[in-house]
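Take a look at the structure set out below.
When a ligand or atom number is given, it counts from 1 through the structure's own listing order. Small disclaimer: the values here were computed from a predicted structure and weren't measured.
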Amino acid sequence: MNANNWIKSPKDLGSASACFVRAFEAAPDVTGGTLSVSAVGLFEARLNGEKLGRGVLTPGYTDYNRRTQYMTYDLAGLLGRRNTLEITAAPGWAVGHFGYNGSGERHHVYSDHYAVNAELTLCHDGGEREIIVTDEAWQVFSSQVLFSDIYNGETLDLTAHMDALGHAVKDPDSARFPLIPQQGADVTEHERIAPVSTFVTPRGERVVDFGQNMAGYVEFNMEAKRGDRIVISHAEVLDKDGNFYTENYRRAKNKVTYVLSGDRDVVKPRFSFQGFRYIRLDEYPFETVDLNGMRAVVVHTEMKRTGHFTCGHDKINQLYHNTLWGQKSNYLDVPTDCPQRDERMGWIGDAQVFCRTAAIQYDVRAFFRKWLGDLRADQEPNGAIYGVCPCQFAGTYKPRISAAWGDAATIIPTELYRAYGDESVLRDNLGMMKRWVDYMHGAGPAEYLWLGGFHYGDWLAMDAGADSLVGATANDLIASAFFAYSTELVVRAGHILGEDVTRYEELYKNVRRAFREHFMENGLPRAEFPLTEATPPGHEVVDGVRRGMTQTALVLILHFGLCEREERSLLEQKLVELIDGFGGRMSTGFVGTPYIMHVLTAAGRTDIAYRLLFEERNPSWLYSVNHGATTMWEHWNGIKEDGSFWDRSMNSFNHYAYGAVVDWLFGVTAGIEVTEPGYRGVRLCPRPDRRLGFVDASVGTDHGTVAVHWHYRGDMLCFVFTVPAGCEAEIVLPNGYAETVREGTYHYQIKA
Ligand code: BGC
């Protein structure tokens, strides 16, 4: 691919898409060929009318300034004598409304126009190659996609004439976008979901319910009069009166319009996607809604499902289902925070929190190979990692740098190594991991602590007033705890790779010591210490106090090993007290929640972890299940007890972060613990609870499936463990019986 071959339309079509066309002949001795295509914007390539590849939203979402992917298609069997190549391009992430660019308009983040670059290689019998590239010989036509935008939706007019706009124009401006081959897996279409019902709301809106919140789009298959229109809006939830609710989309319009041809039409957006469960038929050609004529198409990165979990408790099954759908909805080329509002960005804190669960549920290797490349590319020379990746550097906007978000750089490679046992993920990323730690080392006024500056803190925690976006835990404490943890992860990775990490070993000791001196006293976190943090408007705690003695602080100290062994029981006892003091519930946000259950289990208080799991009042996992959630919510109480909503400015119903509890369901409830990376060694140590009745859990690995089943029968507990070849398992039963086994299926019965 050549940086000089970018072309654009001779006419600026704004948000409408254009079709770049090239006819060519393939001589009789042509045996095959390939086509490589990229776009700044999005493209869809067709050869002789046939769409190339299964991928949608190509070439995917990257920081185009640093890396712009091209896709390569094999043309075997598709070439005729006379051929027509069509590349339709649209604004997409790079050009349309997206992210932040400091202008408030959030438009043209990477470029003010879309451009395409293609290289067609025809292979002749004798071995010679003929190359056709994008240049002024290509013809440009207007397309029937009259409007397309990631946030705002799409308009497809099948009655529109495709006008010839003239020859393509060379676009040297786009030569600044470095081209790289596709790095990961395609984004593809998955389930096609039939609607479950249609109804009219009290406000008189005609609504269709697909029964599942998701990311994707609605496909219609119908015949109507030429020029008839379908106009749909999307929503995740209905309000308490049963009306269609779109305010939490903020400025994302998510509106899709189809103008039908008069024949049977199958229509769907080509360069946009929506996050939704419901659609409202703003315009529809018939009195009766034809539910057979529409399907919601689920769109996400191609990943193989690996984890399965079912139990005898419907609400926990629903919780599991919701986390699975959280991942399906938010693993769309990058790990997004949410798929619906004017955000959908690669928020790295969310990605970090959820990645262990993600790697249980699906094989996410290819997904993260690409995205960790994005993260490495975006790291500043001083090691800084911004909170959003791919990062948007356009305009005046620079994403912020925050502890627990930047630590995605160390935590995600560590988790992938744990799940798949492939050292290359550590080798590829150790440089980035070290640089992130070096950045923290120099980030604040103290050498071995990260004090001051902006942080997202224990985002959305509940202990700083019900309406606070940030929890009560002192940011200095969180930042310094993650500084220690990330340094430890660098040391561990270095040892695995056989690298000299003495400098980080020393650093770890110093950070841990400094943490203990500054934040702890008599084995407990200090309640008060001088705060140096900056809290911009909206990020201050509602009750005005940041503290060291919070559930999240205790969880971090325990989970990251920042305490001595003999201090653990006091800290654990304090954690239990704080849970009791919070009405028997957790008050943790994004930072504390992924670990609290594991910390309780390590403390021998799995009983309390189960209490949190089965809790139904706010905040709890089952609160949203009881309120009809089909995906994880951003807030514990996105819909409040009285049916009203959390503030529309930050209220997604499809944010996977709190779904991180699934790694505890697998690791503790089912008891599948990884002791050797890639499930080469496991400890199968289920902690059953009678309220669950039974559990069936399995994880597909490269060498077979690890599975745990248990159920209660009267006063007996029965277990079945399946251990694949190449895996050594230590089976540990609740009565303390333990044995080490290899490939096979093992049955046990003990007194419950
Ligand atoms: C996102 C979060 C993200 C956060 C940073 C929000 O707008 O939706 O999930 O991590 O900003 O605090």
Side-chain angles (χ1 to χ4, degrees), residues 98-102 106 150-151 213 215 236 247-252 275 323 326-327 329-332 334-355 357-358 371 375 378 385-392 397-409 411-412 453-462 464 467-473 475 478-479 482 533-542 552 588-594 624 631-638 645-660:
F98 190 69
Y100 304 126
N101 69 353
R106 308 198 209 171
I150 296 283
Y151 287 161
N213 204 11
E236 293 184 286
E247 286 177 30
N248 66 326
Y249 285 174
R250 306 194 305 211
R251 283 188 289 182
T323 64
Q327 183 167 358
S329 311
N330 285 296
Y331 271 36
L332 202 159
V334 307
T336 56
D337 55 338
C338 55
Q340 76 297 72
R341 68 181 177 216
D342 53 353
E343 204 145 6
R344 312 184 202 182
M345 301 195 295
W347 278 103
I348 68 177
D350 311 41
Q352 171 272 105
V353 163
F354 189 70
C355 69
T357 292
W371 186 77
L375 198 61
D378 279 347
I385 300 236
Y386 296 100
V388 172
C389 172
C391 203
Q392 301 125 26
Y397 181 73
K398 276 230 173 194
R400 290 177 164 135
I401 299 161
S402 167
W405 270 248
D407 299 282
I411 294 172
I412 295 178
F454 170 85
H455 293 282
Y456 294 111
D458 192 13
W459 187 245
L460 307 186
M462 303 294 280
D467 295 320
S468 189
L469 280 177
V470 191
T473 311
N475 286 348
I478 295 173
F482 273 89
E533 62 204 41
T535 47
H539 288 257
E540 63 281 291
V541 294
V542 168
T552 289
T588 47
F590 275 31
V591 167
T593 305
S624 62
T631 42
M632 294 306 299
W633 292 355
E634 178 172 29
H635 286 275
W636 291 118
N637 61 337
F645 291 115
W646 228 90
D647 193 272
R648 74 181 83 163
S649 66
M650 198 69 79
N651 201 15
S652 143
F653 293 97
N654 204 350
H655 246 66
Y656 53 48
Y658 290 146

Looking at Y456 versus W347, is the centre-to-centre ring distance below 6.0 Å?
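Yes: the rings meet the under 6.0 Å criterion.
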At a 4.0 Å threshold, what atoms of ligand 1 neighbour a non-hydrogen atom of [X]?
{"X": "H655", "value": "1 (C), 2 (C), 8 (O), 9 (O)"}
{"X": "E634", "value": "8 (O)"}
{"X": "D350", "value": "2 (C), 3 (C), 9 (O), 10 (O)"}
{"X": "D337", "value": "1 (C), 8 (O), 9 (O)"}

Identity of the nearest option to atom 3 (C) of ligand 1, non-hydrogen atoms only, from F590, Y456, Y656, W347:
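That would be W347.
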Out of M650, Q352, R341, who gets a non-hydrogen atom closest to atom 8 (O) of ligand 1?
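The residue whose heavy atom sits nearest atom 8 (O) of ligand 1 is R341.
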With a 3.5 Å cut-off and no angle check, do the side chains of D647 and S649 form a donor-acceptor pair?
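Yes, S649 and D647 have a side-chain donor paired with an acceptor closer than 3.5 Å.
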N248 and E236: side chain donor to acceptor below 3.5 Å:
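E236 and N248 do have a side-chain donor-acceptor pair below 3.5 Å.
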Does A409 have any side chain to side chain contact (heavy atoms under 4.5 Å, CB included) partners at least two apart in sequence or in another chain, and if so, which?
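Testing A409 for side chain to side chain contact (heavy atoms under 4.5 Å, CB included), a comparison that skips the adjacent residues, returns L375, I385, M432, W436.
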Give a yes/no verdict on a cation-pi contact between R400 and F454, requiring under 6.0 Å between NZ or CZ and the six-membered ring centre and an angle within 45° of the axis.
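Geometry flag: set, cation within 6.0 Å and 45°.
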